[in-house]
S.K.: 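Sending over a structure as structure tokens; questions will come in a sec.
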There are 2 protein chains.
Amino acid sequence: MLKAERQQVILNEVRIHNRVLFTDIAELLSVSVDTIRRDITELSVAKKLKKVHGGAISLGFNNYQLENQEIYALENKSRIARKAITLIKSGQVILISGGTTNMEIARMIPPNLKITCFTPSLPVAVQLMSKAEVDVILIGGKLSKDSQIAIGGCAINMLNDIKVDICFLGINSIDVNNGLTDFDWDIVQIKKAMIQASKKIVAPSISEKLNSTQRFKICDLDKIDVLITELEPEDDKLSAFREVNLKLL
Amino acid sequence: MLKAERQQVILNEVRIHNRVLFTDIAELLSVSVDTIRRDITELSVAKKLKKVHGGAISLGFNNYQLENQEIYALENKSRIARKAITLIKSGQVILISGGTTNMEIARMIPPNLKITCFTPSLPVAVQLMSKAEVDVILIGGKLSKDSQIAIGGCAINMLNDIKVDICFLGINSIDVNNGLTDFDWDIVQIKKAMIQASKKIVAPSISEKLNSTQRFKICDLDKIDVLITELEPEDDKLSAFREVNLKLL
DNA sequence: TAAATTACTGCAATATATTGCAAATAATTG
DNA sequence: CAATTATTTGCAATATATTGCAGTAATTTA
């Protein structure tokens, strides 16, 4: 019996019964307990189940995809998030797209700040649910498995009906000449609708994404009001952006 | 029985009844009171409940967030979920409301079953996102902090535009004379819209909820096509329901 | 206050975890 | 295809964790 096969059996047991015992599985599959223990250790570090003394149990409800993957450049994203938070005033209505930087912003919103947040992002919504004073309004629609945000006509229709104070628009690529671009057509449509739905557009972006261009265009730079990077506003790398009418933070 | 399992049973009891007695749980799980005491001490330092003389009590609703929700699936809910899954055919479009039983159903949907799922429930959507073959469509709207589902006009409008094959409707109270009832007005509205949006209504409910009534009415029993409980369909407790035109599973 | 219940402590029996190692198996390479 | 290398597996020895019990201290209840 292959290792992968065994692990599949284990996962299946956990899915159905919520738990497995090392000894049971070992007997069932006629391998040593050590082998099962090693399998379960592997599955555990892969976050497929939870290893406990004597066996394993299902991860259950809180198995958010997002918590599994490590966030790239988290330090920089936290710095961006800290700056972003300062733009939000009590009582405002804001709109947050997806992406890890926006997740960081959502995470850092003070729990006592009274605001209304629209978002098409599932992880952002989950994050915001824990803030007692934040009203969360979900933009519905078909969920993209990749980006975990609602896409499609339904989401766009819903966005067409609102006008918020600030939009924190996740950035994929930004360039002085080509403006904002992205590689996923569906997400481009959503982002366009989000821009339309907002009085003020804030673009949080790690500096790596500056001066890069993707296939599909979202908008020109003049639609963006504020660009937030982890750099100081005076940094040389931002000089090209300083020259256009763009506030840097 | 695993320690982790025991602790989940304890947390589950605390969630349902707001309190537990060492002696009760010890007898229920056939372990010594000392063991339960130690478990509860651990859970107490983990801030999952409050240890008191003779037992433990719930921390209260303020701490009752998504992250702290316990995954322990009452064996009964798993049984209901297993039965419910058999009703779903490949290619169908289904609608799932919130609640822990429906979470269990979502969790147990086989990863290779190709279906389209509509849901206004944030946790259900998160759960379904991990199923590669399931298309998830989120019903948007204002999120209720208590139930973690989208409520309000926007959600209802979205439901008005669809007609799905099966709806798994979370049940709060069900009674032969009073039909389906609930205590939250907003949720009643959503559930009414869900019923309207479905060809077939399946009501999964643990037997504890049978023959109870809440303040607001959702619908009469004749709207329900199938009632699933953890009991055998022939069980005496279900005799009242057998007499009306209701399929039992 | 006395009786009853519950809490805490240390201990022993059992179960589980960890580690290093060698044999068996699978994958890679020349 | 044979030789080499890497991975997987089972075993044994040791370490750690869990559990129930008994004795005693603390708390509640009447």
Side-chain angles (χ1 to χ4, degrees), chain A residues 1-63 67-70, chain B residues 1-60 63 67-76 78 111:
Chain A
M1 162 153 297
L2 299 171
K3 188 168 91 156
E5 224 178 327
R6 264 196 334 260
Q7 299 196 347
Q8 209 48 53
V9 172
I10 293 169
L11 283 174
N12 202 47
E13 280 293 306
V14 170
R15 194 169 61 83
I16 292 177
H17 296 113
N18 283 321
R19 59 166 271 217
V20 289
L21 274 60
F22 291 141
T23 48
D24 284 1
I25 291 283
E27 193 179 355
L28 179 68
L29 302 180
S30 313
V31 291
S32 77
V33 177
D34 301 70
T35 305
I36 299 300
R37 194 194 312 288
R38 275 183 280 239
D39 282 340
I40 285 184
T41 304
E42 275 181 38
L43 292 171
S44 171
V45 303
K47 301 262 164 70
K48 299 281 182 67
L49 45 67
K50 188 174 174 195
K51 186 174 179 297
V52 298
H53 191 97
I57 58 175
S58 155
L59 283 176
F61 300 171
N62 315 338
N63 181 17
E67 292 173 16
N68 296 352
Q69 67 210 27
E70 239 168 74
Chain B
M1 162 154 297
L2 298 169
K3 186 171 93 157
E5 246 183 307
R6 261 194 339 257
Q7 300 196 348
Q8 288 186 352
V9 172
I10 294 168
L11 284 173
N12 196 54
E13 282 294 309
V14 169
R15 223 177 51 209
I16 292 177
H17 299 112
N18 281 318
R19 70 186 192 105
V20 290
L21 302 175
F22 291 142
T23 48
D24 286 359
I25 293 284
E27 192 178 358
L28 179 69
L29 302 180
S30 312
V31 291
S32 76
V33 177
D34 301 72
T35 304
I36 299 299
R37 192 194 315 287
R38 276 184 279 239
D39 282 340
I40 285 184
T41 304
E42 276 182 37
L43 292 171
S44 171
V45 303
K47 297 265 192 321
K48 298 277 180 74
L49 45 67
K50 190 172 176 199
K51 187 173 178 295
V52 296
H53 190 96
I57 56 172
S58 155
L59 282 176
N63 288 57
E67 300 143 48
N68 295 341
Q69 257 189 36
E70 276 316 312
I71 57 172
Y72 180 73
L74 221 48
E75 187 57 30
N76 291 342
S78 294

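Small disclaimer: the values here were computed from a predicted structure and weren't measured. Chain letters run A, B, ... following the sequence lines, proteins first and then strands; every chain starts at 1.
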S.K.: Enter the distance from A/Ile57:CD1 to A/Leu21:CG here, rounded to the nearest 0.5 Å.
M.R.: 11.5 Å
S.K.: Taking atom C1' of C/dT16 as reference, at what distance in whole Å does atom CD1 of A/Ile25 sit?
M.R.: 17 Å
S.K.: Report the distance from atom NE2 of A/His53 to atom P of C/dT16, rounded to the nearest whole Å.
M.R.: 6 Å
S.K.: Rounded to whole angstroms, how far apart are CD1 on B/Ile36 and P on C/dC8?
M.R.: 15 Å
S.K.: Measure CG/B/Asp39 against C1'/C/dA7 and give the value in whole Å, please.
M.R.: 16 Å
S.K.: Compare the minimum distances between each of D/dG10, C/dA7, C/dA17 and the side chain of A/Val31, then state the nucleotide with the smallest one.
M.R.: D/dG10
S.K.: Could you check how far CG of A/Asp34 sits from C1' of D/dT14, rounded to whole Å?
M.R.: 14 Å
S.K.: To the nearest 0.5 Å, how far apart are CZ in A/Arg19 and CE in B/Met1?
M.R.: 6.0 Å
S.K.: For B/Met1 and D/dT19, give me the distance from atom CE to atom P, rounded to whole Å.
M.R.: 11 Å
S.K.: With a 6.0 Å cut-off (strictly less than), is the heavy-atom count around CD of A/Glu27, excluding the residue itself, greater than 12?
M.R.: no
S.K.: Using atom CD of A/Glu5 as one end and atom P of D/dT9 as the other, report the distance to the nearest whole Å.
M.R.: 11 Å
S.K.: Considering just the side-chain nitrogens and oxygens of A/Arg38, establish if one lies under 4.0 Å of OP1 or OP2 belonging to C/dT18.
M.R.: no
S.K.: As a test of reading the structure: which of C/dT6, D/dG10, D/dT18 is closest to the side chain of B/Lys3, going by heavy atoms?
M.R.: D/dT18
S.K.: Can you confirm whether more than 12 heavy atoms, excluding those of B/Lys50, are under 6.0 Å from its NZ atom?
M.R.: no
S.K.: What is the separation between atom CZ on A/Arg37 and atom C1' on C/dA15, rounded to the nearest whole Å?
M.R.: 10 Å
S.K.: Starting the side chain at C-beta, find the nucleotide from C/dT16, C/dT18, D/dT9 nearest to A/Lys51.
M.R.: C/dT18
